[in-house]
Amino acid sequence: MTVSALALENITCTFVSRDERDARYTAIKDATLRVAPGEFVSVVGPTGCGKSTLLNVGAGLLAPSAGTVSVFGEPLSGLNRRAGYMFQADALMPWRSALDNVTAGLSFRHVPRAEARERAQAWLKRVGLGGFGDRYPHQLSGGMRKRVAMAQTLILDPDIVLMDEPFSALDIQTRQLMENELLDLWAAKRKAVLFITHDLDEAIAMSDRVVVLSAGPATRPIGEFTIDLPRPRDVAEIRSEPRFVDLHAQIWSVLRDEVLKGYQQQLKAV
């Protein structure tokens, strides 16, 4: 039996609001999610259902109220040091150049400066920014900043890559370019990826498996679909394949009701 790269077992996350007489809110309840080594798994669900919370549990940034987290069979305690995390918002340091942003993680690991810069230059070239190492974040487009962030994450060679809607703010053309670049980089080393997205098309085009979460509160996985589309894939071209259309219909049939539930809950909260 293959040991999961990341295993979230019976996870419950309950938050207490001290502003409302210790009111409790259970965002996630009894959720189990596993990612195999080399597997690309996407998680979709209604807005506010707890997708990012699950990702933070996997990163070790949030301790669950109940349940266990293991990394390659070992219980997780504290930060998940075998994982790299690419956030939804830009996490680049504005006072650092693109090159210095990419070297940041290596510097924290005390890699010699010359070696760190050499490796960062190589990664900038891999993401198509070989001539932009001296530019600062404000001098780069949104797509270029995402390339820098991707290089910043992957240069550390994590065994697990956690991604929280990394391309959601990009226009569709840039987004598809970034999705294909990520798939190319992933195919080279086949790291385990846990990818959070609101975009069902993106989830199907990228993944080996798509997990659907219920509307909150007390979110849990309610559907799991194997994506049996051939690789390598072009994320734009694959959308026209009959099997893609069939998978989209199957997954949407489960997701649609949860999206409607989530929308109604938001209306009640206004």
Side-chain angles (χ1 to χ4, degrees), residues 3-36 39-80 82-83 85 87-88 160-165 168 192-200 203 207-227 250-270:
V3 174
S4 296
L6 179 65
L8 311 180
E9 306 281 352
N10 302 311
I11 297 297
T12 294
C13 293
T14 299
F15 301 95
V16 178
S17 173
R18 301 193 183 283
D19 296 332
E20 300 180 20
R21 297 182 181 179
D22 292 342
R24 292 177 176 270
Y25 177 79
T26 298
I28 298 166
K29 185 173 177 61
D30 296 330
T32 293
L33 177 64
R34 303 182 186 96
V35 184
E39 186 182 26
F40 198 122
V41 176
S42 286
V43 175
V44 295
T47 299
C49 73
K51 298 184 294 295
S52 296
T53 300
L54 271 179
L55 204 67
N56 288 334
V57 170
L61 297 172
L62 175 66
S65 307
T68 60
V69 182
S70 60
V71 178
F72 291 95
E74 297 294 327
L76 178 63
S77 177
L79 289 177
N80 186 348
R82 298 188 68 174
Y85 200 144
F87 297 90
Q88 180 177 3
I160 304 165
V161 182
L162 306 174
M163 309 189 87
D164 190 1
E165 299 188 65
S168 60
V193 176
L194 184 56
F195 189 93
I196 302 297
T197 179
H198 278 101
D199 188 330
L200 181 53
S207 308
D208 297 316
R209 188 159 48 93
V210 173
V211 176
V212 180
L213 297 184
S214 67
T219 292
R220 68 194 190 286
I222 57 170
E224 185 176 299
F225 298 84
T226 298
I227 307 303
Q250 291 180 40
I251 301 172
W252 179 241
S253 70
V254 176
L255 179 60
R256 177 183 56 236
D257 289 344
E258 299 307 313
V259 170
L260 291 173
K261 288 178 190 175
Y263 180 66
Q264 291 301 322
Q265 289 168 2
Q266 289 176 21
L267 290 179
K268 291 177 183 178
V270 173

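Remember, predicted model here, so these are calculated numbers, not experimental data.
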Checklist entry - Between L194 and I160, does a side chain to side chain contact (heavy atoms under 4.5 Å, CB included) hold up when you go through it step by step? => result CA-CA 8 Å; L194 184 56; I160 304 165; 5.6 Å; no

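Applying the side-chain contact (heavy atoms from CB on, under 4.5 Å) rule to L61 yields the partners N56, A59, L79, Y85; only residues at least two apart in sequence or on another chain are considered. Under the side-chain contact (heavy atoms from CB on, under 4.5 Å) criterion, D199 pairs with R175, T197, D201, E202, sequence neighbours left out.
Across V16 and R24, no two heavy atoms sit closer than the pair CG2-NH1, 3.6 Å. Across all non-hydrogen atoms, the minimal contact from A192 to V35 is CB-CG1, 4.0 Å. Heavy-atom minimum distance, A83 versus L162: CB-CD1, 4.0 Å. Nearest approach of S214 to I222, heavy atoms of both residues: CB-CG2, 3.8 Å. Closest approach of I11 and L8 over heavy atoms only: CG1-CB, 3.7 Å. Heavy atoms only, all atoms of each residue included: P221 and V211 are closest at CB-CG1, 3.9 Å.
Here the OG-CD1 distance, from S42 to I196, works out to 8.0 Å after rounding to the nearest 0.5 Å. Atoms CD1 and OG, on I227 and S207 in that order, are 6.5 Å from each other to the nearest 0.5 Å. We find the CG-CG distance between D164 and L55 to be 5.5 Å, quoted to the nearest 0.5 Å. Of the inter-residue distances, the one linking T219 atom OG1 with L213 atom CG reads 6.0 Å to the nearest 0.5 angstrom. To the nearest 0.5 Å, atom OG of residue S52 and atom CD of residue E165 are 6.0 Å apart. Note: L33 CG to L54 CG = 6.5 Å, rounded to the nearest 0.5 Å.
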Distance-only donor-acceptor pairs under 3.5 Å for side chains of residues 66-74, two or more places apart:
none

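Within the 4.5 Å cutoff, the side chain of W252 has heavy atoms near those of the V259 side chain. Between H198 and S168, every side-chain heavy-atom pair lies at or beyond the 4.5 Å cut-off. V44 places a side-chain heavy atom less than 4.5 Å from the side chain of V210. Under the 4.5 Å side-chain criterion, counting only non-hydrogen atoms from C-beta, L6 is not in contact with V41.
Checked by atom type and distance alone, the side chain of K51 pairs as donor or acceptor with a backbone atom of G45 at under 3.5 Å. Side-chain atoms of S65 come within 3.5 Å of backbone N or O of T14 as a donor-acceptor pair. Without hydrogens or angle criteria, T32 side chain to N10 main chain gives a donor-acceptor distance under 3.5 Å.
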